[in-house]
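Taking it in order: structure first as structure tokens, then the write-up.
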Amino acid sequence: MPELPEVATVIRTVETHLLGRRLIEVRCFTKKSWARSTRRAAGQLIHEVRRYGKFILIGLDDGLLAIHLGMTGKLLAGAERGAYTRAVLVLDTGEVLFDDVRQFGSVRWLRQAPGHLGPDALEISAEEFAGRLRTRKARLKALLLNQAFLRGLGNIYADESLFRAGVHPLAIAARLSPKRALKLHKAIREVLFDAIAKGGSSISDYVDANGSQGSFQTEHRVYQRTGEPCLSCGAPIRRILVAQRATHYCPKCQRV
DNA sequence: TGGAATGTTCGGCT
DNA sequence: AAGCCGAACATTCC
């Protein structure tokens, strides 16, 4: 559920419930290591809530809480605890739940933001983006999913960005012309900004902190449209595997 | 019943 | 060494 636009939406809807509040404690129900790590967060004031790639960083007096939503994670304000509640942020004014069906998400206390992540997909300049592509021989789809190369994109927005740029997912990064590299950079920004404006994509069960769905899924042009006609040329959308992930593209509009 | 699902990480191979 | 592959994590849905 969570790529950059979904994480941005969760933050927008949850920060009002967190900013300026005191975190009494973090109750963790599944992973021992979370409980050990988050003990350090107890009793601290929340100074900021920000996005770092796909991480939600909650700034405290000392260090921060780093929440990753994994595949099915949610932050819910003012909701009832349920079978999939894996952790609870107990505040002086209420609770924020961390629900996660598949348990790929995480909640940890960290001294500072996680390392080894590349530049943010919305902060990188066109020139830097093109420069980074030039040194890589990997296939573009794999590179866009690699958080150490660029942070924030996931499977949906990588496919949607490549389609909008007219670039084939198997194209080798270093062989992209400067013109096409700039086009891809622009496509990434447009897709992400549009998706944020629509509150993200609700595919199976993504909701924001208030339980509201996003609506960008209706704007998807290739993601999970296998066999359906390309919205710009009519050719059937194709699905292949790249980096072990389903990859959707138009064989006519996207060239290598 | 098997496969696929918005993600990350790790070990092994070329 | 960079890049790729498969497996692993856990659960639901079709």
Side-chain angles (χ1 to χ4, degrees), chain A residues 1-11 28-34 51-56 66-75 82-87 98-108 110 113-118 121 132-163 169-175 188 191-192 194-196 198-208 213-227 239-248:
Chain A
M1 99 200 228
E3 300 182 32
L4 187 155
E6 289 76 30
V7 174
T9 303
V10 168
I11 287 174
C28 302
F29 304 118
T30 45
K31 299 252 177 27
K32 274 250 167 62
S33 60
W34 294 5
R51 185 183 62 74
Y52 184 78
K54 298 178 192 171
F55 283 90
I56 296 164
I67 298 178
H68 197 294
L69 300 176
M71 207 74 125
T72 54
K74 308 173 184 179
L75 276 189
Y84 304 121
T85 301
R86 312 297 184 188
F98 176 62
D99 281 24
D100 185 12
V101 172
R102 286 176 68 185
Q103 298 182 226
F104 288 172
S106 62
V107 181
R108 281 172 299 160
L110 299 175
H116 24 65
L117 271 67
R132 285 174 74 81
L133 286 181
R134 228 177 299 129
T135 66
R136 298 297 206 109
K137 293 196 175 74
R139 300 171 295 187
L140 268 173
K141 172 66 186 284
L143 210 47
L144 294 182
L145 290 177
N146 182 349
Q147 303 298 296
F149 176 77
L150 188 70
R151 79 178 110 101
L153 286 191
N155 212 30
I156 299 174
Y157 300 102
D159 282 3
E160 294 296 322
S161 299
L162 287 167
F163 174 79
L170 295 180
I172 301 302
R175 298 231 282 260
I188 289 171
V191 167
L192 294 178
D194 283 359
I196 290 171
K198 299 234 166 185
S201 302
S202 285
I203 304 210
S204 66
D205 63 349
Y206 158 75
V207 289
D208 66 22
Q213 300 198 333
S215 64
F216 193 73
Q217 63 279 6
T218 64
E219 310 290 317
H220 293 175
R221 299 186 191 165
V222 288
Y223 183 76
Q224 285 191 346
R225 292 195 63 246
T226 309
R239 179 189 186 277
I240 58 175
L241 270 190
V242 186
Q244 320 289 108
R245 308 296 301 278
T247 296
H248 315 77

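Just so it is clear, the model here is predicted, and its values are computed rather than measured.
Taking 4.0 angstrom as the limit, A:Lys54 places a side-chain polar atom (N or O) nearer than this to OP1 or OP2 of B:dT8. The side chain of A:Arg139 places no N or O atom within less than 4.0 Å of a non-bridging phosphate oxygen (OP1 or OP2) of C:dA2. In terms of phosphate contacts, A:His68 brings no side-chain nitrogen or oxygen within less than 4.0 Å of OP1 or OP2 of B:dG7. Close to C:dA2, at under 4.0 Å from its OP1 or OP2, lies no side-chain N or O of A:Arg136.
Between the P atom of C:dC5 and the CD1 atom of A:Ile240 lies a distance of 11 Å, rounded to the nearest Å. Rounded to an integer number of Å, the gap from CG of A:Asp159 to P of B:dG7 is 10 Å. We find that CZ of A:Arg239 is positioned 5 Å from P of B:dA5, with the value rounded to whole Å. Here B:dG7 presents its P atom at 16 Å from CZ of A:Arg151, a figure rounded to the nearest Å. In this structure, A:Gln103 atom CD and C:dA8 atom C1' are separated by 14 Å, rounded to whole Å. Between A:Trp34 atom CH2 and C:dC9 atom P there is a gap of 16 Å when expressed in whole angstrom units. A:Leu69 places its CG atom 17 Å from the C1' atom of C:dT11, with the value rounded to the nearest Å. In this entry the distance linking CZ of A:Arg102 with P of C:dA10 reads 11 Å, nearest Å.
Comparing the C1' positions of C:dC4 and B:dA5 gives an interatomic distance of 22 Å, to the nearest angstrom. One P atom belongs to C:dA1, the other to B:dT8, and the distance between them is 25 Å to the nearest Å.
Which of B:dG7, B:dT8, C:dT12 sits closest to the side chain of A:Glu3 comes down to B:dG7. You'll find that the side chain of A:Ala246 is closest to B:dA5, out of B:dA5, B:dG7, C:dT11. Residue A:Asn155 has its side chain nearest to B:dG7 when only C:dT11, B:dT8, B:dG7 are considered.
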Assess the residue pair A:Leu170 and A:Lys141 against the criterion (side-chain contact (heavy atoms from CB on, under 4.5 Å)); give the C-alpha distance rounded to whole Å, side-chain angles, the decisive distance to 0.1 Å, and a yes or no.
CA-CA 7 Å; A:Leu170 295 180; A:Lys141 172 66 186 284; over 6 Å; no
Start with the C-alpha distance between A:Ile203 and A:His220, add both sets of side-chain angles, then the distance that settles side-chain contact (heavy atoms from CB on, under 4.5 Å), and finish with yes or no.
CA-CA 11 Å; A:Ile203 304 210; A:His220 293 175; 4.2 Å; yes
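Remark: the backbone N or O of A:Thr226 is not paired with any side-chain donor or acceptor of A:Arg239 at under 3.5 angstrom.
Contacts of A:Tyr84 with the nucleic acid, taken as non-hydrogen atoms under 4.0 Å apart, involve only primed sugar atoms and P, OP1 or OP2. When heavy atoms are screened at a 4.0 angstrom cut-off, A:Gln244 is found touching base atoms of the nucleic acid.
Judged by centroid separation below 5.5 Å and plane tilt below 30°, A:Phe104 does not stack onto the base of B:dT8.
Taking each heavy atom of A:Gln147 and A:Leu153 in turn, the nearest pair found is NE2-O, 2.8 Å. What you find for A:Phe216 and A:Val191 is that their closest heavy atoms are CZ-O, 4.1 Å.
With hydrogens and angles left out, the side-chain atoms of A:Tyr206 and A:Glu3 include no donor and acceptor closer than 3.5 Å.
Searching all strands for a Watson-Crick or G-U wobble partner of C:dA10 with both distances below 3.5 Å returns nothing.
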